[in-house]
Each structure stands twice: as C-alpha cells, then as structure tokens.
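Values below: every heavy atom of this structure, side chains too, minus hydrogens, waters and symmetry copies. Numbers for residues simply follow the sequence, beginning at 1.
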Amino acid sequence: MYPDQDFEQLSAQRPTTSGRSPEQVLHEVFGYESFRPLQGEIIRELAAGRDALVLMPTGGGKSLCYQVPALVRSGTAIVISPLIALMQDQVAALRELGVRAAFLNSTMDFEQARATEYALSTGELDLLYCAPERLIQPRTLELLHDASISLFAIDEAHCVSQWGHDFRSDYLQLAVLANEFPTVPRVALTATADERTRKEIAERLSLTEARHFISGFDRPNIQYRIAPKTNANKQLLDFIKAEHEEDCGIVYCLSRNKVDATAKMLAQKGYTALPYHAGLPANDRAQNQERFLREDGVIIVATIAFGMGIDKPDVRFVAHLDLPKSLEAYYQETGRAGRDGKPSTAWMVYGLQDVIKLRQMLEASQGNDHFKRVERQKLDAMLGLCEVTKCRRQVLLNYFGDELEAPCGNCDTCLNPPETWDGTVAVQKALSCVFRTGQRFGVTYLIDVLRGSENERVMQSGHHQVSTYGIGTELSVNEWKSVFRQLVANGYLRADPEGYGALQLTEQCRPLLKGEHKVELRKDPVVKASAGRGSGGRTGSAVKDQVTDHAGWDALRACRKELADKQGVPPYVIFHDTTLFDMLERKPQTLDELAGVSGVGAAKLEKYGEIFLSAIARLDPA
Ligand code: ADP
Ligand code: ZN
C-alpha cells in the first residue's frame with residue numbers, strides 16, 4: 001500500500017526552518033499564491049500559541065490551517081485523525097512536499113512504531129499523525145511529554161459529539177490534552193457542526209477559551225439536484241451518461257444488498273463500478289478504495305460506511321439512491337464532491353417509500369425519547385429540503401446558520417423552478433380516504449380506492465362502498481403518489497410504526513381534513529432530457545472539459561501516473577488536475593517559470609521539475 005516510512009530519507013531532508021513566516025511556508029512548501037478566507041487568521045492564532053475551533057466546509061482547506069503553523073512553530077505538531085486511510089494519504093502528500101511527516105497507527109509493526117517514536121523524541125518530525133486510541137495510551141502521552149510539541153490538531157472534531165453520526169468514544173478522552181499540555185495550543189477542526197455540536201466540541205475538548213473560526217458553508221461549485229424517484233436505476237444511468245460519462249463519483253445506497261446490485265448494474269453497462277460496505281472482506285474493501293483513489297473514472301457504490309476521510313479532490317458527482325437521515329449527513333456526503341472547486345453534481349432521487357422506510361426505522365430504533373425527537377427533527381429538515389420549491393442552497397445554508405441573500409442559480413429549483421398547484425381538495429380527499437378505510441392501508445391501496453379501482457382486494461374489503469371510493473379520478477396514480485409523499489414528508493400522515501406501510505393521520509392534519517387551510521403542493525417536474533453539465537452554473541466547467549489540447553493533457557497525465565505508480569501514491573498526491581491544467585496553459589520552459597504554476601512548491605519543483613519540463617517540451621507547440 002504505502003511506501004515504508006523511510007527515516008533515513010527523512011533525516012536527510014531539511015530540518016524545520018523556524019523563523020519562516022506563514023506566507024513563506026505557503027509559497028515555498030505548498031506552492032500556493034495566497035491563503036483562502038480565514039486560513040491566514042487561524043494560522044496566525046495558532047502560531048501565536050492560542051487555541052482555535054475551526055468550522056470549514058469540506059474542501060475549504062482545513063489541513064493547511066495546522067500544517068502551516070506546524071512548519072512555522074518549532075517542535076512536532078500532533079495531528080489526531082480517526083481514519084487510517086486519510087492519515088496515510090496526508091502523510092504521503094506531505095512527504096511529497098518535503099515535509100517531515102509520519103504516522104502512528106495500528107497498521108504498523110513494532111519496529112516501524114519504534115522508529116517513528118524515536119524520530120519524534122529526537123525532533124526529526126514536523127508533523128506526527130496519530131489515531132485517537134493510540135494517543136491516549138499512557139505510553140504515548142509519556143513520549144509526548146519527552147518531546148517538543150508545537151501544537152495539537154484534532155481533526156474531525158465532531159466525533160466527540162454523542163448526538164452526531166460519527167461519535168467515537170476515544171475522542172472524549174482527548175480532553176486530557178488540556179490538562180497534560182496546558183501550554184501547547186490546540187485546534188479542533190470539523191466540517192459538520194451546527195451550533196449545538198460546536199458548543200459540545202468546545203466543552204468536551206476543554207476549548208472554552210478558543211476563538212471560533214466559522215467559514216461560510218457554501219460550496220458554490222456543487223449543483224444540488226433532487227428528483228422524485230420513478231425508476232432509480234434508469235435515472236442514475238441517464239444522469240451519469242448525460243453528464244459524468246468518464247468521471248469519478250460516489251453512489252450512496254442504504255443497504256448492502258442494494259450496493260452490490262447497483263454496482264453490478266453499472267458494471268454491466270460498462271462502467272468501472274466497485275462496491276464498498278462493511279459486509280465485504282476487509283481486503284476487498286481496501287482494494288476497492290485504493291482503486292477509487294488511484295484510477296481514473298472509477299465509481300464507488302457504497303453505504304455510508306464509505307467516505308469519511310476520503311479527500312480525493314476530483315470526485316465529480318455524489319449520487320444518492322436513498323435518502324440520508326439528516327441534512328448533516330447529506331451535506332457531509334455530498335461535500336465529498338468537488339473538493340478541487342470545479343463544477344460537480346450532488347444528485348438524488350427519492351420517493352414515498354424512502355420516507356416511510358426512514359420514519360419506520362427511526363421509530364423502531366433503540367434510544368430514548370429525547371434522542372428520537374432530535375432524530376425526527378433532523379429527518380423533517382431533510383424532507384423539507386426535498387420538497388422545497390425555492391432555492392435548495394438557501395434552505396441548506398440556512399439550516400447551518402449561514403445566509404445566502406439571493407437564490408443561487410445552481411440548484412435544480414433555481415434552474416428549473418417547480419410549479420405548485422392548489423392541492424387543498426386533493427389533500428382533503430386523500431386524508432379522508434385514509435380515515436374511511438380505517439388507517440390500515442398503504443399508499444397503493446389508498447390510490448386504488450380513490451381512483452375507483454375494481455380490483456379484488458378493494459371489492460372484497462367492501463371499500464367500493466366508502467364515500468371516498470372513486471372520487472379521485474382527476475389525478476393519475478403518479479400524481480396521487482406525489483400527494484401522499486408530500487403529506488408524509490410534511491408530517492400530516494405517518495407510517496404505522498408496526499410496519500407494513502399503513503398510513504395513519506396525525507394531529508397536524510386536522511385543519512387540512514376540514515379544508516380550513518389552503519395547501520400548495522409541489523408539482524413534480526416532468527423529467528426532461530438532462531440539463532447538461534454546468535448549465536447555468538456559476539463556475540466554468542470541470543478541468544478536463546476546459547482542456548482543448550487533449551493530446552497534451554493526456555501526455556501530462558501519463559507522466560503524472562507513471563510517477564505516482566512508481567511511488568505507490570494516488571496521482572493527485574503528485575499534482576492536482578488544476579496544476580496540470582495550469583502547466584498546459586502556460587507551457588513553462590524553465591524551472592523558474594514552472595515554479596509560478598499554482599501547486600508547484602519547492603520540493604516538487606526539485607523532484608519533478610525537470611521531468612515535467614521535458615514532458616512539456618515534447619508537446620505539440622499548438
Ligand atoms: P478540507 O480538509 O477542509 O476538506 P483540504 O485541506 O483537503 O480541505 O483542502 C482542499 C483542497 O484545497 C486541497 O487540495 C488543498 O491542497 C487545496 N488548498 C487549500 N488551501 C489552499 C490555498 N490557500 N490555495 C490553493 N489551494 C488550497
Ligand atoms: Zn438555488
């Protein structure tokens with residue numbers, strides 16, 4: 001998998017040049033022009049020895065917030081990260097930049113661990129990544145006391161929250177750092193945290209004095225789209241074919257069976273689609289993840305077990321075939337698209353059955369009333385996003401306490417505003433039909449009764465005699481499904497917790513039943529041929545779509561792939577697409593010119609400069 005952590009090579013590298021400014025480190029080591037919003041302030045706070053709590057969307061650039069101070073301050077920065085894959089990638093990427101980084105986790109044998117510990121104690125490391133369970137061992141803490149520590153960075157800090165979906169008990173114990181190392185600055189970072197979780201992080205990690213840095217949550221390059229489910233597989237295929245034919249993406253499903261079936265279906269259509277879920281042998285899982293990271297155009301079909309810590313920058317789409325349980329989960333999962341800032345799509349289909357299934361799962365789950373109430377609110381917010389008729393981004397951002405003044409112009413409701421219709425009468429008919437048939441039937445049956453079906457089941461139960469029989473012929477089956485879906489989504493009907501999908505009235509529906517309230521319903525858009533990539537989007541198109549010199553592009557990518565394979569790292573660890581694109585545009589002829597390309601720092605210039613210059617020299621001058 002990863003090259004051994006070679007310490008001889010490590011010590012040969014340049015020691016920490018303290019006395020460098022954050023800007024110098026940014027230019028020289030990372031090869032970037034300027035800090036992104038908040039990065040500079042956070043880095044200055046930490047460099048000055050103060051604590052910080054950082055809330056930044058995925059792809060916002062959290063890593064730099066501790067990596068730069070780690071190189072500005074003397075001593076070793078300890079980065080606590082829950083996921084081994086992420087840790088290994090980050091260390092590989094840092095070493096590519098010439099930074100003395102290493103990790104300590106359960107994948108290493110005794111010898112390797114000893115060597116890393118020795119490097120720490122002799123001050124040969126700029127950054128040490130460590131799994132939380134490892135860090136809180138008395139032996140590790142003792143080691144840290146003997147070393148010189150520049151800062152602690154606690155990544156994925158929402159893992160301390162017991163209400164969150166990523167709770168890890170090891171994280172709770174990280175509070176010891178405050179007592180044991182009172183003079184070492186600590187920074188907690190997360191991409192998912194509403195205000196309550198944020199308070200929880202601050203309290204549990206003893207970061208009560210820390211300044212909070214909360215960056216805007218918007219991910220303008222992601223186009224959000226949610227459509228009613230008709231034929232999920234076909235919808236998915238149409239979407240990928242029309243907009244992401246050769247792209248890399250993630251497809252999320254709720255169950256392992258569905259993951260397997262969907263991966264198979266895509267593979268039969270000629271896509272490189274690999275399954276990922278907790279039921280697969282660990283080896284297969286690791287291998288599929290590796291291929292996703294390293295090869296081009298791989299689609300991973302996964303349960304939510306996949307994704308945390310995947311920082312592949314060029315994931316072009318995230319598709320949901322099942323509804324996530326909360327907006328937090330939705331935002332985190334869709335946020336894995338487009339970390340490189342290029343146009344990407346968050347695409348989802350959902351239907352009445354999804355709503356019913358999730359509501360039933362929730363009611364059947366273990367957990368006290370408080371827990372269920374919180375979960376119910378979260379699901380309601382998720383459903384609210386699905387059914388909304390105004391800008392989805394505004395609703396999303398608003399939920400996270402962020403405000404977007406004007407509609408975004410890059411979500412489906414902005415691009416293709418849904419119509420609404422006066423559903424007052426239809427809703428009355430639907431609710432009353434539920435009531436007349438005894439609140440014991442599911443949606444298909446209810447629609448049969450409303451539309452006056454003469455099928456056996458209806459006739460036998462005598463429901464052809466109830467007053468709602470046949471009063472709904474003005475709407476098609478699909479239109480009725482949409483009515484029922486919206487009633488369940490908005491909490492006027494609930495699925496029988498005992499199962500079987502029977503719909504029951506809730507307290508809330510009383511005024512609707514009496515026709516006291518006017519009800520506006522969303523008209524499900526007739527699915528037109530796909531809008532096409534980035535149409536109406538705010539940012540140009542994906543890197544590879546901007547390329548005009550395809551031969552040149554392929555040549556540079558081949559050069560990158562060869563280097564990556566040789567070192568056993570993903571291609572983007574060598575250079576990002578954006579960096580290759582910039583090279584192709586500028587066609588630098590000298591090392592100096594190459595240094596001006598974004599993403600080319602000193603170490604990479606030295607290691608790969610000549611190789612890429614000669615690759616560029618061989619390109620067609622066109
Ligand atoms: P996060 O951890 O917040 O999801 P990352 O730290 O992985 O995000 O950063 C996302 C991408 O943005 C990375 O590819 C990173 O190299 C790039 N990046 C971060 N800061 C800058 C910057 N100041 N200039 C250019 N690129 C940056
Ligand atoms: Zn919008």
Side-chain angles (χ1 to χ4, degrees), residues 26-34 36 59 61 63-64 89-90 92-98 221 244-249 291-298 310-317 337-344 533-534 539-622:
L26 182 76
H27 301 153
E28 291 169 15
V29 179
F30 293 92
Y32 292 141
E33 289 276 307
S34 54
R36 290 201 181 145
S63 326
L64 226 62
D89 265 351
Q90 289 229 358
L94 283 168
R95 288 173 155 241
E96 277 303 308
L97 296 170
N221 60 312
H244 293 287
E245 182 71 343
E246 284 167 31
D247 290 341
C248 138
R291 287 191 58 192
F292 175 70
L293 294 175
R294 278 159 209 213
E295 289 173 26
D296 279 332
V298 174
I310 295 296
D311 61 354
K312 188 171 166 61
D314 57 352
V315 177
R316 289 274 71 84
F317 69 91
R339 276 170 175 254
D340 55 9
K342 303 294 163 204
S344 311
R533 189 200 298 271
T539 35
S541 59
V543 179
K544 77 169 200 281
D545 293 343
Q546 290 171 18
V547 170
T548 46
D549 174 6
H550 295 283
W553 178 244
D554 289 343
L556 291 187
R557 280 170 24 118
C559 178
R560 174 177 71 175
K561 182 86 171 100
E562 199 184 317
L563 289 168
D565 286 347
K566 224 186 266 170
Q567 303 182 43
V569 297
Y572 61 80
V573 165
I574 307 288
F575 284 127
H576 283 184
D577 278 1
T578 36
T579 302
L580 291 195
F581 184 74
D582 209 21
M583 281 185 201
L584 199 56
E585 287 278 282
R586 298 196 194 191
K587 298 227 168 56
Q589 296 185 349
T590 64
L591 284 173
D592 261 359
E593 286 171 17
L594 185 59
V597 170
S598 170
V600 183
K604 288 189 179 176
L605 188 69
E606 198 181 312
K607 257 189 286 189
Y608 309 130
E610 296 294 352
I611 301 175
F612 275 90
L613 282 180
S614 55
I616 292 165
R618 284 195 302 269
L619 298 180
D620 252 355

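Residues meeting the salt bridge (charged side-chain N to carboxylate O under 4.0 Å, His left out) test with Glu610, sequence neighbours left out: none. With sequence neighbours excluded, the residues forming a side chain to side chain contact (heavy atoms under 4.5 Å, CB included) with Ser63 are Tyr66, Gln67, Gln90, listed by chain and number. Gln589 is linked by a side chain to side chain contact (heavy atoms under 4.5 Å, CB included) to Glu593, counting only residues two or more places apart in sequence or in another chain. Contacts of Arg36 classified as salt bridge (charged side-chain N to carboxylate O under 4.0 Å, His left out), with partners at least two apart in sequence or in another chain: none. Looking at residues two or more places apart in sequence or on another chain, you find a ring-ring contact (aromatic ring centres under 6.0 Å, His included) between Phe317 and Phe239, His244.
Around atom CD of Glu295, more than 12 heavy atoms belonging to other residues, nucleotides or ligands sit under 6.0 Å away.
Between Asp340 and Lys312 there is no salt bridge, since no side-chain nitrogen of the basic residue lies less than 4.0 Å from a carboxylate oxygen of the acidic one.
For residues 558-571, the set of pairs meeting the salt bridge (charged side-chain N to carboxylate O under 4.0 Å, His left out) definition, not counting sequence neighbours, comprises Arg560-Asp577, Lys561-Asp565.
Relative orientation of the Tyr32 and Phe30 rings is parallel, given thresholds of 30° and 60° on the angle between their planes.
The line from CG of Leu584 to OG1 of Thr579 is 12.5 Å long, rounded to the nearest 0.5 Å.
By the 4.5 Å heavy-atom criterion applied to side chains, Ile574 and Gln567 are counted as neighbours. Two residues are said to be in side-chain contact when any heavy atoms from C-beta on lie closer than 4.5 Å; Val600 and Phe612 fail this criterion.
The backbone N or O of Phe581 lies less than 3.5 Å from no partner atom in the side chain of Arg586, so there is not a single donor-acceptor pair.
For Arg95 against Lys607, the heavy-atom pair with the smallest separation is O-NZ, 3.5 Å. Cys559 and Ala615 get closest at one heavy-atom pair: SG-CB, 4.2 Å.
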